Amino acid sequence: MSKLESLIRQTEIIKLAKRKPFDWETLDDLLTRKEEELDRKLRISKRTFHRDLVDIASLFGIQISFDFKTALYAIDPESSSEQHEKLLEAFDMLQVFGPRGKTPPYLLFEERKAIGTEYLSPIIHAIKVQKKIQIQYEKYWLWESEQRILKPLALKEFKQRWYVLTLDEKDKFKVFGLDRIKELQVLNETFTPSKTIDFRAYFRDVFGIINSEESPVEEVILTFTEFKGRYIKSLPLHPSQEILLDDGQVLTIRLRVKIAYELIAEILSHGDEVRVDAPERLKELVREKAENILHSIIK
DNA sequence: GATAGAATTAAGCAGTGAGG
DNA sequence: CCTCACTGCTTAATTCTATC
């Protein structure tokens, strides 16, 4: 009954609950099957199951409760958020790797450099206890690196990279990519944030991580080819994505975002499978880039 | 590496209370 | 007023940790 086993058990409960509401027998059957499959002791008493439900609520933020009308356990929809999908994914990976962490030869991971995930846990700790961090940061455009002392506020993921959101020495809001941090130290110096920022609101209208306060939120309308459209539907570009037209020929979507470098880069990455319909300013920006490509101009 | 003691984890049981 | 989910408490077992 190791910690890992209870985590596996709890993720199985969550996965079952996500598929459909279930009763005790169904869960017991599932755990019995999984017990053989994974060669771990997973079957539990009803008492432990109830304790697990409490743990799941606090650990994953997913509330599973009993519905007397159907006599089934189900997830309370308002309590579960998409954020926890990541946690579930992580535990799934943990199971694949096994306790000894060896990668089977039939799993081929994308080869990439370290993306700084090793800093995640110290930074999370620093944010929680409000301690300053000192980082050695490698700039993209310089050979040299700089040392900074920062007040960490939050972590944000974008396109498989992690960024730490901070206030710098002058209490200015700054974002740093974890993959460019060469060294990190949590200082034994606490701070009280000079301002509280509602990050969900802060990033709601932003594509990417750079938020230029002054630029307005605009309605961006994009049309994709049918093939690309399927991809965009399954992996929305932005939470604000709405489908305006999906007729089997093309897919037209609307985003409500600020127009910035990262949005343009995203659009260009889809090549000739996307068309900018609005606004005119974005159309012009993309056209300019496209013409530069055509004439082999780099800027 | 072994061992003792501490800490964690789960089971069982009894009692409570909500829903029908 | 009956059933069954749920909770608190105790006990047993297992895992972790510190120490030699």
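Keep in mind that this is a model prediction, so the values were computed, not measured. The chains referred to below are lettered A, B, ... by the order of the sequence lines, with proteins before strands, and numbering in each begins at 1.
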Novice: Roughly how many Å is it from CZ in A:R47 to C1' in C:dC4, rounded to a whole number?
Specialist: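 Interatomic distance, CZ of A:R47 to C1' of C:dC4: 15 Å.
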Novice: Kindly say whether, by distance alone, the side chain of A:R51 makes a donor-acceptor pair under 3.5 Å with the base of C:dG8?
Specialist: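 Donor-acceptor pair under 3.5 Å: no.
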Novice: In this structure, how many angstroms lie between the C1' atom of C:dT7 and the NE2 atom of A:H50, rounded?
Specialist: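 Checked: the NE2 to C1' distance equals 10 Å.
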Novice: Could you state the CZ-P distance from A:F49 to C:dC6, rounded to the nearest angstrom?
Specialist: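 Distance, rounded to whole Å: 7 Å.
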Novice: With a 4.0 Å cut-off on N to O distance, would you call A:R287 and A:E284 a salt bridge?
Specialist: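 A salt bridge is present here (some side-chain N lies under 4.0 Å from a carboxylate O).
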Novice: Between A:L53 (CG) and C:dC6 (P), how many Å, whole number?
Specialist: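 Those two atoms, CG and P, are 7 Å apart.
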Novice: Does this structure show an ion pair linking A:R230 with A:E226, if we count only N-O contacts that are shorter than 4.0 Å?
Specialist: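 A:E226 and A:R230: salt-bridged.
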Novice: Give the ring-plane orientation class for A:F203 versus A:F173, where under 30° counts as parallel, over 60° as perpendicular and anything between as tilted.
Specialist: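 Rings of A:F203 and A:F173: tilted, 30 to 60°.
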